[in-house]
Number of protein chains: 2
Amino acid sequence: MTHSVDYKQLLREAGLRVTPQRTTIVSLLSETDDHPNVEDLYEKARRLDDTVSVATVYRTMSVLENAGLVRKLVLDDAPARYEMMPHTDHDHLVDVDSGDLVEIPGTEIATLLDRVAAEMGYELVSHHTVIRARKL
Amino acid sequence: MTHSVDYKQLLREAGLRVTPQRTTIVSLLSETDDHPNVEDLYEKARRLDDTVSVATVYRTMSVLENAGLVRKLVLDDAPARYEMMPHTDHDHLVDVDSGDLVEIPGTEIATLLDRVAAEMGYELVSHHTVIRARKL
DNA sequence: CTTGGTGCAAATGATTTGCAAGCCT
DNA sequence: AGGCTTGCAAATCATTTGCACCAAG
């Protein structure tokens, strides 16, 4: 049942209008384990539907982010990258040699940060950790 | 002995040329506990030396960052902010209501991340955690 | 039908760069 | 002297927006 209908439902359930462009973009983002930027998405989308414009990709990402369906990753310089909102909380590790972006699973970090925020008199809303590292 | 000479020495010891513009910028950045962006620095610098240009502020920040004297903070959207390279390792907390940027002291987070990276087969090079939170 | 979405191109905002002139070492 | 640094303005890059048209509910 991995079918385009799934993505349409995803949009519908989020209270968003279902358009072919949005469906295409959501399906691309759902089916990759990369963390593509707008240009990546635009090029891939273009191959499936040559009417898609960059402006729409930008607008769609913004709409999806506000709806809580995707997460925007802003790493130093470089254009923003995106991932479908993870159901399992995770952070990121950048391989400084290859530039690869790897996900760090687990709630260990979140648990610590929760406590750290509390100790500073704050309630944690969200967090993001980026580790730059090199393969051993 | 908090004197402009200190900042000149800082530059000299880093192997950089000492210019009035750089001295001004380093002193401004050293004496604030804000995390100013280029525009902030440009305006402040202007008041002390009206020959400073934005281009120079950008170029200086880049040079200082490469020399390891300052840290560049890229938070979602919004222009990059800067701080003198901290001798004590710390992360950041953004107050989602006020926009304030607070430093999170301590090595607790670093220790955990070191271990996490190792468990994934990586050697940690650097890390940065940003917590978005709300006052309790 | 009516509201919201889209493509296109122009506009914006942040940062970078080419060039001629000036300053640091 | 000779190379690095600067100011200025133009250029570049990522992202946003105005507008006329089209499509989803």
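All values reported here derive from a predicted model rather than from experimental measurement. First the proteins, then the strands, lettered A, B, ... as listed; each starts at 1.
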Could you state the [atom1]-[atom2] distance from [X] to [N], rounded to the nearest angstrom?
{"X": "B:Met61", "N": "D:dT6", "atom1": "CE", "atom2": "P", "value": "13 Å"}
{"X": "A:Leu11", "N": "C:dG4", "atom1": "CG", "atom2": "C1'", "value": "14 Å"}
{"X": "A:Asp49", "N": "D:dA23", "atom1": "CG", "atom2": "C1'", "value": "14 Å"}
{"X": "A:Asp76", "N": "C:dT15", "atom1": "CG", "atom2": "P", "value": "12 Å"}
{"X": "B:Ile25", "N": "D:dT6", "atom1": "CD1", "atom2": "C1'", "value": "11 Å"}
{"X": "A:Lys8", "N": "D:dA24", "atom1": "NZ", "atom2": "P", "value": "10 Å"}
{"X": "B:Tyr42", "N": "D:dC8", "atom1": "OH", "atom2": "C1'", "value": "10 Å"}
{"X": "A:Asp50", "N": "C:dG7", "atom1": "CG", "atom2": "P", "value": "10 Å"}

ask   = Can a salt bridge be assigned to the pair A:Lys44 and A:Asp49 using a cut-off of 4.0 Å between side-chain N and carboxylate O?
value =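 Salt bridge flag = no for A:Asp49 with A:Lys44.
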query = Under a 4.0 Å N-O cut-off, is there an ion pair linking A:Asp40 with A:Arg81?
reply =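 Not counted as a salt bridge, because no side-chain N and carboxylate O are separated by less than 4.0 Å.
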So, is [X] near the phosphate of [N], with a side-chain N or O under 4.0 Å from OP1 or OP2?
{"X": "B:Gln21", "N": "D:dG7", "answer": "yes"}
{"X": "A:Thr19", "N": "D:dA23", "answer": "no"}
{"X": "A:Thr51", "N": "C:dG7", "answer": "yes"}
{"X": "A:Arg22", "N": "C:dG5", "answer": "yes"}
{"X": "B:Tyr58", "N": "C:dT16", "answer": "no"}
{"X": "B:Thr56", "N": "D:dG7", "answer": "yes"}

query = Nearest to the side chain of A:Arg59, which nucleotide is it out of C:dG18, C:dT25, D:dG18?
reply = D:dG18
note = Against the side chain of B:Arg17, the closest entry in D:dA14, C:dT15, D:dC4 is D:dC4
task = Identify, between A:Ala55 and B:Glu39, the residue whose nearest nucleotide on DNA chain C lies closer to the 5' end.
result = A:Ala55
Could you list the donor-acceptor pairs under 3.5 angstrom formed by side chains in residues 54-63 of chain B, with sequence neighbours left out?
{"unit_1": "B:Thr56", "atom_1": "OG1", "unit_2": "B:Ser53", "atom_2": "OG", "d": "3.3"}
{"unit_1": "B:Thr60", "atom_1": "OG1", "unit_2": "B:Thr56", "atom_2": "O", "d": "2.7"}

request  = With heavy atoms under 4.0 Å as the rule, sort B:Val54 into base, sugar-phosphate or nothing.
outcome  = nothing
inquiry  = Once you apply a heavy-atom cut-off of 4.0 Å, does B:Val18 come out as touching a base, just sugar-phosphate, or nothing?
reply    =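 Contact class for B:Val18: sugar-phosphate only.
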ask   = In Å and rounded to the nearest 0.5 Å, what is the OG1 to CD1 distance from B:Thr129 to A:Ile131?
value = 7.5 Å
Distance-only side-chain donor-acceptor flag, A:His128 / B:His128, under 3.5 Å =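 Their side chains do not contain a donor-acceptor pair, so the 3.5 Å distance test is not met.
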key: Over all atoms of both residues, closest heavy-atom pair of A:Glu103 and B:Met120   = O-CE, 3.6 Å
request  = Kindly calculate the angle separating the two end axes of the helix from C:dC1-D:dG25 to C:dT25-D:dA1, each obtained from five base pairs, and round it to 10 degrees.
outcome  =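 About 40°, once rounded to a multiple of 10°.
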query = Heavy atoms, side chains only, cut-off 4.5 Å: are B:His92 and B:Val102 in contact?
reply = no
inquiry  = Pair B:Leu73, B:Glu83 - check side chain to side chain contact (heavy atoms under 4.5 Å, CB included), show working.
reply    = CA-CA 8 Å; B:Leu73 303 173; B:Glu83 64 182 5; 4.3 Å; yes
